[in-house]
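All residue numbers refer to positions in the sequence shown, counting from 1. Atoms within a ligand are numbered from 1 in the order they appear, just like the ligands themselves. Computed over heavy atoms, backbone and side chain alike; hydrogens, waters and symmetry mates excluded.
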Amino acid sequence: MQTVSSTADLDAIDSMETVLAVRDLKVVFSGFQALKGVNLDVGDQEIVTIIGPNGAGKSTLLDAIVGKSPVASGQVIYHGQDITNKNSHEIARMGIGRKFQNPNVYNDLSVFENILLALKGNHTVFSSIRSKMTRLKKEKIELVLDQIGLLDKGYTKVASLSHGQKQWVEIGMVIAQDPTVVLLDEPTAGMTADETHLTGEIIKAIAQSHSVVVIEHDMEFVKQIAQRIVVLHQGEKLAEGSVGEIQSNPRVIEVYLGREQIDSAA
Ligand code: ADP
Ligand code: MG
């Protein structure tokens, strides 16, 4: 689908390297087609936001990319290489990092230790704590803490952080693995308005050096971060385009935005 409005935009997209491409992807769960042939392109340092009603297949799409949902047909191509149905650890190692809906952090450890555990090559709590704390590792962890806005909370136990701050720790744990592509599933779920806004700023900063795919519901947040939006509905791509194009698309209003507006007015 063509989503650009000017020649300048066209040139920009032509010159943008595609880092991740999903081609005609189908995922079937015991006869139920959760994805019915979805295409997606993610460029270098681009933020792609995925929206759509519950059950649209958004999480399944991210699962399929990282090898957690079996792909029935179609391809996932990463830097030109077919990674369809590869082992999820292998995909993570290749550079696709995924944050799940619920924070998966170590509450009894400090923020610093959580990031340390996530660093490449640190496979267990034991090996991380025992391995030498080099200056390079420390600097790397501090860089991550800075990116997630928690530099002053490095020695705080994760248990005493707010829900939003825990989500940032988990984003930090993804970044610590040095991914090229970061996939975030509803990163602002349960956050306050302030935390949601800060999350948007964190994601924009991360996108300076990563490609980011974000699943999100909150339209204010989508407007804050979005460059290109993909709308999924019943396992298919319903629309793709800029915030303005999506907000004025009659089919998107009918199946998704209209309902969201009614929900938020209720
Ligand atoms: P979204 O994230 O857009 O809300 P999901 O990708 O979680 O939607 O789910 C899409 C559809 O696939 C839903 O109908 C859901 O019930 C179904 N589904 C997701 N995961 C599984 C699974 N592991 N087994 C069976 N059905 C599933
Ligand atoms: Mg989901």
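Atoms of ligand 1 found under 4.0 Å from any heavy atom of Thr60 (numbered from 1 in listed order, with element): 5 (P), 6 (O), 9 (O), 10 (C), 19 (C). Per-residue contacts place Ala34 under 4.0 angstrom from the following atoms of ligand 1 (heavy atoms of the residue considered): 12 (O). Counting the atoms of ligand 1 from 1 in the order shown, those under 4.0 Å from a heavy atom of Ala56 are 1 (P), 3 (O), 8 (O).
No N or O atom of Phe29 sits closer than 3.5 Å to an N or O atom of ligand 1.
For residues 142-153, the pairs satisfying side chain to side chain donor-acceptor pair (under 3.5 Å) are Lys138-Glu142, with sequence neighbours left out.
Not a single N, O or S atom of Asn54, from either the backbone or the side chain, sits less than 2.8 Å from the Mg ion (ligand 2).
Scanning Gly55, Ser59, Gly52 for the heavy atom closest to atom 7 (O) of ligand 1 points to Ser59.
Between the side chains of His210 and Gln45, no donor N or O sits under 3.5 Å from an acceptor N or O.
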Practice item. Let me see the working for Glu170 and Lys166 under salt bridge (charged side-chain N to carboxylate O under 4.0 Å, His left out), right down to the final yes or no. Key: CA-CA 6 Å; Glu170 212 193 347; Lys166 284 184 190 175; over 6 Å; no
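A salt bridge does not link Glu254 with Arg251: none of the charged nitrogens is closer than 4.0 Å to a carboxylate oxygen.
For Tyr155, the ring-ring contact (aromatic ring centres under 6.0 Å, His included) criterion is met by Phe112, not counting sequence neighbours.
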